[in-house]
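So the structure is just underneath, and the comments pick up after that.
Heavy-atom basis, side chains included; hydrogens, waters and symmetry copies ignored. In what follows, chains are A, B, ... by sequence order, proteins preceding strands, each numbered from 1.
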There are 2 protein chains.
Amino acid sequence: MTMKANLLTHAEALARSRGIDAFSYADLAAATGIRKASVHYHFATKADLTLALIEDYAARVADRLNQIEAQSAAASGALRDFLQLYHDALGTGDSLCLCVAFSAATDSLPEASVTRVEAFRNDVTAWLNAQFDRARQDGSVRALSDPAQEAAALFALVEGAQLVARAARNPDRFTDAVAHFSDRLLMGAIQ
Amino acid sequence: MTMKANLLTHAEALARSRGIDAFSYADLAAATGIRKASVHYHFATKADLTLALIEDYAARVADRLNQIEAQSAAASGALRDFLQLYHDALGTGDSLCLCVAFSAATDSLPEASVTRVEAFRNDVTAWLNAQFDRARQDGSVRALSDPAQEAAALFALVEGAQLVARAARNPDRFTDAVAHFSDRLLMGAIQ
DNA sequence: GGATATCTACCTACTAGTTGGTAGATATGA
DNA sequence: TCATATCTACCAACTAGTAGGTAGATATCC
């Protein structure tokens, strides 16, 4: 792995476990074994670093969502995988998805990153919307209402569930919070 | 108002709009017109300040929830007031409820405050649980499942909806995210 | 009543450490 | 030789927190 990729990996882990405000170039230098000035060589400012973080993250999540959509036989299956994805992002309960971490610290983020996070949120919500549209066709979600409404609600639910689970340092809290929604996903023969 | 109360008011506003990490004793001194050392006179350390903040906040919210419960003729009315309370906490979209702000910054909080926030979260969830129990009696919530499950889901939903609305600087996003739940609250003759 | 002592609420001036960021030298490999 | 990647050594600005002092209100004792 290149040092740049290595720095991004460590920065992402730090941002997700501590928050963007709560890690420094010194932390990053210590984690990778190079000097602080060398970190600045790869990411001139912290604004550059946060933007690289969110872009890298958004690309990976987009790939994963496309993959989930392609693999799923019904909307319910895709939504179940989506819940699993956000559950797994918690690790042992000490890590948030980067979007939650960034949303919580909007004020200390440069404008470009704020805009990029907003675009990411919109993309994920649009993906959820598409799944609920599918569900309207395949009938794999019980008691379905308006897809856009469902998408907004589910996105807020998983973000909030992550926050609660991480604060309690217990990933089971995520499962508890989404249980009611999970129950609406039908386990039809096709999935 | 005493200077101590004044400091708490400003500190709460700063914590809710910027986050706990993102305001300093210098900011607080500037906001209240006294010197930094005088802020330390009232709150010796930032740990003391955060604990005072959450205790003050928890007491006020508990009072408000008791009031809501007492005033409501049906569970659906209490839950509607609860949604309104969290909606209003957003202001014009630049402020979170203190619980969300503190949950997002668990790592930079002293242990005592983390514990206090956790207790607050449990209290609010218990209150929601009680409302869903009531709903089981008065039938004012449509498609009701297990009260504990509903409480965990609704709490995560409002926290996530706050995060999304604040990141987008638009309180309407909160309303969108909770719309699906709102629709389940019956507008019976008793409320 | 008047002296003494204590308390509240603030002050100026400081410390030790951290932050993001820079200048310029040096090593490494194509 | 030249670009890439690293280094040492710094900087100004900020952080929470401390030391030591003061004006004025309030209590206590003779």
Taken in chain and number order and not counting sequence neighbours, the residues that satisfy side-chain contact (heavy atoms from CB on, under 4.5 Å) with B/S17 are none

Residues which pass side-chain contact (heavy atoms from CB on, under 4.5 Å) with B/D183, listed by chain and number, not counting sequence neighbours
A/Q149

Atom CD1 of A/I34 and atom C1' of D/dT6 are separated, to the nearest Å, by 8 Å

Is there a side-chain contact between B/Y41 and the phosphate of C/dA9, meaning an N or O under 4.0 Å from OP1 or OP2?
yes

Protein within reach of the bases, or only the backbone? For nucleotides 12-28 of chain C, mark each nucleotide 5' to 3' as B, S or -, using heavy atoms under 4.0 Å.
B------SBBBB-----

Please list, chain by chain and in numerical order, all residues satisfying side-chain contact (heavy atoms from CB on, under 4.5 Å) with A/V164, sequence neighbours excluded.
A/R173, B/R121, B/F155

Counterpart residues, side-chain contact (heavy atoms from CB on, under 4.5 Å), relative to B/T9 (two or more places apart)
B/M1

Give the table of side-chain donor-acceptor pairs shorter than 3.5 Å for residues 48-58 of chain B, with sequence neighbours excluded, one pair per line with atom names and distance.
| unit_1 | atom_1 | unit_2 | atom_2 | d |
| --- | --- | --- | --- | --- |
| B/D48 | OD2 | B/T45 | N | 3.3 |
| B/D48 | OD2 | B/T45 | OG1 | 3.3 |
| B/T50 | OG1 | B/K46 | O | 3.4 |
| B/T50 | OG1 | B/A47 | O | 2.9 |
| B/T50 | OG1 | B/S113 | OG | 3.0 |
| B/D56 | OD2 | B/R60 | NH1 | 2.7 |

Hydrophobic side-chain clustering at under 4.5 Å (ILVMFWY, transitive links): who's grouped with A/Y41? Put none if nobody.
none

Take atom CG of A/N6 and atom P of D/dA5, then tell me their distance rounded to the nearest Å.
14 Å

Single-linkage hydrophobic cluster, 4.5 Å side-chain cutoff, A/L154 and A/L85 together
yes

Residues of residues 99-108 of chain A with any non-hydrogen atom less than 4.0 angstrom from an atom of DNA chain C: list those, numerically ordered, please.
none

By salt bridge (charged side-chain N to carboxylate O under 4.0 Å, His left out), A/R134 pairs with (sequence neighbours left out) none

